[in-house]
Protein chains: 2
Amino acid sequence: MSREKRKLVSIKDIAQEAGVSPSTVSRALHNHPHISTETGERVQRLAHEMGYTPSLLARSLVTQDTATIGLVITYTADPFLSRLVQGVEETARNSGYSVFLSSSYRDYERELEVVRSFHERRTSGIIITGSQIDTDYLDLDDRFPLPIVLINCRTYPYSVSADKISGAKQAVEHLVQLGHRRIAFVSNAKLSTDLDRQTSYQQVLREHDIPIDDTLVVEGDGMLESGVRAGQKLLSLPQPPTAIFCFNDLTAMGVLTALREADLQVPRDCSVVGFDDLEISAYLCPPLTTVRQPCYRMGQAAIRMLLQLIRGENGIQAEILQTELIVRQTTGLAPEPS
Amino acid sequence: MSREKRKLVSIKDIAQEAGVSPSTVSRALHNHPHISTETGERVQRLAHEMGYTPSLLARSLVTQDTATIGLVITYTADPFLSRLVQGVEETARNSGYSVFLSSSYRDYERELEVVRSFHERRTSGIIITGSQIDTDYLDLDDRFPLPIVLINCRTYPYSVSADKISGAKQAVEHLVQLGHRRIAFVSNAKLSTDLDRQTSYQQVLREHDIPIDDTLVVEGDGMLESGVRAGQKLLSLPQPPTAIFCFNDLTAMGVLTALREADLQVPRDCSVVGFDDLEISAYLCPPLTTVRQPCYRMGQAAIRMLLQLIRGENGIQAEILQTELIVRQTTGLAPEPS
DNA sequence: TGAATCTCTGCAAACGTTTGCACAATCATA
DNA sequence: TATGATTGTGCAAACGTTTGCAGAGATTCA
């Protein structure tokens with residue numbers, strides 16, 4: 001177990017050993033056409049024997065390309081993002097790119113800092129999700145002269161989003177069809193993408209001549225615990241809702257917990273709809289009705305768009321992926337008014 | 001929106017503009033003591049105005065230090081790992097390090113490939129979790145001359161683990177205390193760390209003179225779906241178990257689903273214990289009794305150990321963090337034998 | 001035989017930094 | 001006034017690669 005800092009072997013060392021010039025070694029290792037098979041093989045063998053590992057630092061410096069992209073997310077622990085990260089990472093790797101990952105914790109300063117750090121490392125491009133930079137993306141573009149793709153930020157020209165408007169619409173309409181008229185919405189005030197859901201929510205209600213009751217809209221932050229609190233708050237209303245549409249599945253899980261603690265049956269006493277369709281959502285009790293966001297494919301689409309930008313292709317435009325209502329067992333007919 | 005490839009400004013450009021040498025610029029930017037305040041300020045101002053972003057590539061090449069560590073995990077989507085990643089990333093960042101993340105998908109070849117890729121990028125060190133390299137870690141050490149810390153691999157000298165032996169023991173003993181004698185175990189054959197749990201399981205049974213029944217040990221893979229299948233298999237036994245100890249919380253969630261689909265009540269008809277204590281586990285229905293692994297702190301400990309290795313400190317030894325049984329509502333008294 | 005072509009290899013510059021050393025100018029000291 | 005210390009700056013090498021260009025032999029062709 002030798003842990004001392006050994007000097008790494010470089011192309012020069014191989015050159016010396018093989019009695020050729022460094023350039024020849026470099027070419028031999030890259031199967032350059034003009035290298036004799038004899039030299040080629042000898043160099044390759046030596047490189048292997050001497051335990052040579054090329055330095056991508058040095059190479060990137062001259063080729064001006066790191067084959068690396070940076071991915072900024074809000075929290076690693078967010079299960080929705082996990083799948084997205086996987087989509088980015090797998091697709092990137094298949095194209096020969098590696099991925100730097102860093103979290104912004106929904107903090108504007110931190111987000112900028114991460115982007116700068118990526119740029120210093122000369123990543124070929126950057127993908128940002130849950131961006132706080134919404135408003136001044138122009139500034140972003142100005143400050144960092146490298147391709148950037150945003151996820152779920154439709155104001156930015158290069159972005160990938162899920163169609164939340166349609167998703168939310170389907171969800172609320174589903175509830176209306178089941179006879180619900182007191183439908184609550186648990187929002188995520190901190191995230192701008194939340195607006196799409198909320199707008200759809202109100203629109204559907206209006207279309208069905210259902211009065212909009214502000215007390216039925218409560219604020220959350222997209223996490224479990226806030227779902228619980230939101231649920232409790234809604235249940236304590238003089239006239240509680242018969243259905244609750246949630247910002248995401250985690251919030252819905254919290255709401256379900258609140259309902260259970262209040263000894264209410266789902267969906268008999270109250271229906272619940274989530275958003276995201278996390279893997280676990282199908283295994284809840286009861287299995288959650290929710291709007292599926294194609295998180296993996298969103299990651300995939302984002303990295304593809306980024307690679308196009310890196311290659312300098314043009315005609316690239318924002319992409320919107322479809323969402324889909326998955327009806328499971330947390331939604332049912334509205335209870336008869338007693 | 002200018003997306004064309006602008007030439008980045010370098011130290012030389014600033015030097016030219018300021019009428020000094022590149023070395024002076026470099027020193028000015030690092031607040032080197034021997035620089036006159038006048039020059040210092042002028043250079044700093046120019047650097048800012050010209051939009052200078054230092055190249056960490058070039059710097060790393062000469063300083064021989066990238067201030068970057070590589071983190072290899074099995075799947076990004078594994079919620080247990082998400083917290084661990086967070087522990088690594090936050091702690092790394094506080095020490096001025098960035099993190100490369102890549103997944104191995106539990107594939108040996110892939111894992112080696114990722115490690116090699118990290119080494120090519122000259123990461124200062126590497127953390128591996130869910131390693132498949134268990135047996136020939138010596139080979140690993142030989143092949144990659146850089147500090148490596150493994151998580152949950154006790155055979156490797158530099159490792160951080162949770163005390164699974166004690167955790168599993170607490171879990172099974174808890175079940176025995178509740179009067180259970182037919183206790184099943186859902187394993188994860190693919191992971192060597194599973195052995196600790198299984199050994200403890202058998203040991204506790206022996207200590208209490210409970211016969212070991214091989215049909216009560218079924219194989220899973222640590223994912224939701226395999227938990228469902230394992231549950232179904234156990235329930236179809238001529239004499240099904242009254243309690244099921246699961247490799248991890250996801251498996252337990254699957255088992256709970258199987259029980260629910262079979263119209264069995266938890267814990268009245270069957271008790272269930274998980275392992276990990278994911279955040280969601282407290283919000284399941286019923287809330288899951290489980291063994292808590294300090295995943296965040298494990299990540300933290302791993303990166304700390306790695307930084308010590310990087311600094312060349314000695315006297316470093318494997319670290320084992322405590323686990324803790326969290327009793328919630330999926331465990332109860334064994335049903336009376338009918 | 002000479003010229004042209006082809007095959008293989010080396011030289012040297014470049015990428016963008018850092019840093020040891022030398023040097024010039026200024027200043028304080030004796 | 002000479003001496004030494006101090007302060008600020010520049011030169012040049014180094015980090016480990018890649019690559020355009022040139023050149024040396026070998027081969028082909030007329």
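Each chain gets a letter, A, B and so on, in the order its sequence line appears, and its residues count up from 1.
- A donor-acceptor pair under 3.5 Å is formed between the side chain of A:Ser60 and the backbone N or O of A:Leu56.
- Between B:Ala18 and B:Val43 the shortest heavy-atom distance is CB-CG2, 4.5 Å.
- Considering only the side chain of A:Ile35, C:dT9 comes nearest among C:dT9, D:dC15, D:dT19.
- For D:dT18, the OP1/OP2 oxygens have a side-chain nitrogen or oxygen of A:Ser26 closer than 4.0 Å.
- Salt-bridge formation is detected for the pair A:Arg42/A:Glu38: a Lys NZ or Arg NE/NH1/NH2 atom is positioned less than 4.0 Å from an Asp or Glu carboxylate oxygen.
- When the side-chain nitrogen and oxygen atoms of B:Thr39 are compared with OP1 and OP2 of D:dT9, one or more of them lie within a distance under 4.0 Å.
- Among the nucleotides C:dT9, C:dT18, D:dG8, the one closest to the side chain of B:Val62 is C:dT18.
- Considering only side-chain N and O atoms, A:His30 lies under 4.0 angstrom from the phosphate OP1 or OP2 of D:dT18.
- Separating the NZ atom of A:Lys12 from the P atom of C:dA12 is a distance of 14 Å, rounded to the nearest angstrom.
- Atom CD1 of A:Ile11 and atom P of D:dT19 are 11 Å apart (whole Å).
- The aromatic rings of A:Tyr105 and A:Tyr75 stand perpendicular to each other, their planes meeting at an angle above 60°, with 30° marking the opposite boundary.
- Side-chain nitrogen and oxygen atoms of A:Gln64 include none within less than 4.0 Å of the OP1 or OP2 phosphate oxygen of D:dT18.
- Put simply, CG on A:Leu61 is 17 Å from P on C:dA13, counting in whole angstrom units.
- Regarding B:His32, its NE2 atom lies at a distance of 12 Å from the P atom of D:dT7, rounded to whole Å.
- The side chain of B:Val20 has D:dG10 as its nearest neighbour among D:dT17, C:dG16, D:dG10.
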Collect all protein-nucleotide pairs involving nucleotides 23-27 of chain D in which both atoms are nitrogen or oxygen and the distance is under 3.5 Å.
none

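- In this structure, a donor-acceptor pair under 3.5 Å is absent between the side chains of B:Asn314 and B:Gln308.
- Along DNA chain D, the nucleotide nearest to A:Thr53 and the one nearest to A:Arg27 differ in position, and the one closer to the 5' end is contacted by A:Thr53.
- Donor-acceptor pairing under 3.5 Å, judged by distance alone, is present between the side chain of B:Ser23 and the base of D:dC11.
- Comparing C:dT17, D:dG16, D:dT9 by their nearest atom to the side chain of A:Ala58 picks out D:dG16.
- At the phosphate of C:dG10, OP1 or OP2 sits under 4.0 Å from a side-chain N or O atom of A:Ser21.
- Remark: the backbone N or O of B:Phe80 is not paired with any side-chain donor or acceptor of B:Ser82 at under 3.5 angstrom.
- Per the geometry, NE2 belonging to A:His34 stands 14 Å off C1' belonging to C:dG10, to the nearest Å.
- For B:Leu56 and D:dC15, the CG to C1' distance is 14 Å, given to the nearest whole Å.
- Two residues, B:Pro22 and B:Thr63, neighbour DNA chain D, and the one matched to the more 5' nucleotide by heavy-atom proximity is B:Pro22.
- Going from atom NZ of B:Lys7 over to atom P of C:dC15 covers 6 Å, rounded to whole Å.
- No donor-acceptor contact under 3.5 angstrom links the side chains of B:Arg116 and A:Thr53, judged on distance only.
- Residues A:Asn152 and A:Ala162 share a closest heavy-atom pair of OD1-N, 3.4 Å.
- Atoms CZ (B:Arg59) and P (C:dG16) sit 15 Å apart, rounded to a whole Å.
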